[in-house]
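This report refers to the structure that appears directly beneath it.
Along the sequence shown, residues are numbered consecutively beginning with 1. Bear in mind that the values here come from a model prediction, so they are computed numbers and not experimental data.
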Amino acid sequence: MTRPDVSDPGVEHETTSAFEVPDDDDRIRPGDYGIEDYLTLVVFWLLALDVFVQFFSRYVLGNSIAWTEEIARYLLVAVGFLGSAMAARKGSHIAVEFFYRYLSEPTARVMWTLVDLVRIAFLGMLAWITWQLAQRTNSMMVSVDLPKSLLYYVVLFGVVLMLVRSIQLAVRHWRTGESELMCRDEDD
């Protein structure tokens with residue numbers, strides 16, 4: 001990458017950047033995104049709009065709209081669970097990678113397979129418990145005339161998406177023999 005040196009007008013000097021950015025780095029490829037990405041984006045902007053309405057009504061109009069705080073809280077929960085499905089698809093949930101650097105390849109494969117199985121079992125149980133909770137909740141939201149179980153169904157949707165993405169990730173790990181947990185250095 002060359003840029004003119006502005007300290008000496010009329011003379012062009014070559015400068016290089018610390019790193020090169022590929023030309024197609026800023027392209028948006030629809031195949032890189034899943035349904036949870038688009039849903040999270042929509043819910044996030046609904047949250048931003050809700051918080052703006054809350055701010056505007058409280059500080060500009062001097063009278064806060066009652067439902068905005070409760071809806072913002074529920075939308076934030078929805079963003080969290082839908083965003084977790086995004087992380088499950090990418091394999092970017094928090095994990096301890098330190099020990100995998102020192103394990104042999106077969107031992108590491110057994111360990112990440114166990115991690116995948118435990119994650120799938122946990123998410124399966126969480127989905128079942130969330131379903132049960134949603135079925136048993138009969139109360140209404142405080143400031144809006146909507147059932148509170150609606151929130152639990154959104155959480156259930158996010159958990160089921162995480163479960164599906166975790167199963168896909170486990171299958172990919174098994175087929176390729178590689179995992180995101182195995183981030184070995186080049187000099188190992």
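For the pair Leu169 and Arg89, the minimum side-chain heavy-atom distance is 4.5 Å or more. Using a 4.5 Å heavy-atom threshold, the side chains of Ile65 and Thr68 count as touching. Contact annotation: the side chain of Arg58 never approaches that of Asn63 to less than 4.5 Å [non-hydrogen atoms, C-beta and beyond]. Counting only heavy atoms from C-beta outward, the side chains of His173 and Asp116 approach each other to under 4.5 Å. In this structure, Val164 and Ser166 have side chains that are not in contact, with every pair of non-hydrogen atoms separated by 4.5 Å or more.
Every side chain to side chain contact (heavy atoms under 4.5 Å, CB included) that Leu146 has, sequence neighbours left out, goes to Met141, Val144, Leu150. Under the side chain to side chain contact (heavy atoms under 4.5 Å, CB included) criterion, Phe81 pairs with Val77, Val155, Val159, Met162, not counting sequence neighbours. Qualifying side chain to side chain contact (heavy atoms under 4.5 Å, CB included) partners for Tyr153, counting only residues two or more places apart in sequence or in other chains: Trp131, Ala134, Gln135, Ser149, Leu156.
Trp67 and Leu76 fall within a single hydrophobic cluster, where Ile, Leu, Val, Met, Phe, Trp and Tyr are joined by side-chain heavy atoms under 4.5 Å apart, directly or via other members. In terms of hydrophobic clustering, with Ile, Leu, Val, Met, Phe, Trp and Tyr side chains grouped at heavy-atom distances under 4.5 Å, Tyr33 and Leu39 are assigned to different clusters. One hydrophobic cluster holds both Ile167 and Ile35 under the rule that ILVMFWY side chains link at heavy-atom gaps under 4.5 Å. In terms of hydrophobic clustering, with Ile, Leu, Val, Met, Phe, Trp and Tyr side chains grouped at heavy-atom distances under 4.5 Å, Leu75 and Leu161 are assigned to a common cluster. The same ILVMFWY cluster, assembled from side-chain heavy atoms under 4.5 Å apart, contains both Val53 and Ile71.
The two atoms that bring Tyr74 and Leu151 nearest to each other are CD2-CD2, 3.4 Å, heavy atoms only. Minimum interatomic distance between Leu47 and Ala72 (heavy atoms only, all atoms of both residues): CD1-O, 3.4 Å. Considering all non-hydrogen atoms of both residues, Ala78 and Val43 come closest at CB-CG1, 3.9 Å. Heavy atoms only, all atoms of each residue included: Arg109 and Trp174 are closest at NH2-O, 3.0 Å. For the residue pair Leu82 and Phe157, the shortest heavy atom distance occurs at CD2-CD2, 3.8 Å. Summarising the geometry of His93 relative to Ala88, their closest heavy-atom pair is CE1-N, 3.6 Å, with the distance given to 0.1 Å.
Atom-to-atom distance recorded for Leu126:CG and Arg119:CZ is 13.5 Å, nearest 0.5 angstrom. Put simply, CG on Leu117 and CZ on Phe122 are 15.0 Å apart, with the number rounded to the nearest 0.5 Å. Residue Glu70 holds its CD atom at 10.5 Å from CG of Asp50, rounded to the nearest 0.5 Å. Arg172 CZ to Gln168 CD: the interatomic distance, rounded to the nearest 0.5 Å, is 8.5 Å.
Within the 3.5 Å criterion, the main-chain N or O of Gly80 finds a donor-acceptor partner in the side chain of Ser84. Side-chain atoms of Gln54 never come within 3.5 Å of backbone atoms of Ser64 as a donor-acceptor pair (strictly under, hydrogens ignored).
Ion pairing between Arg165 and Glu36 holds under the 4.0 Å rule for side-chain N and carboxylate O.
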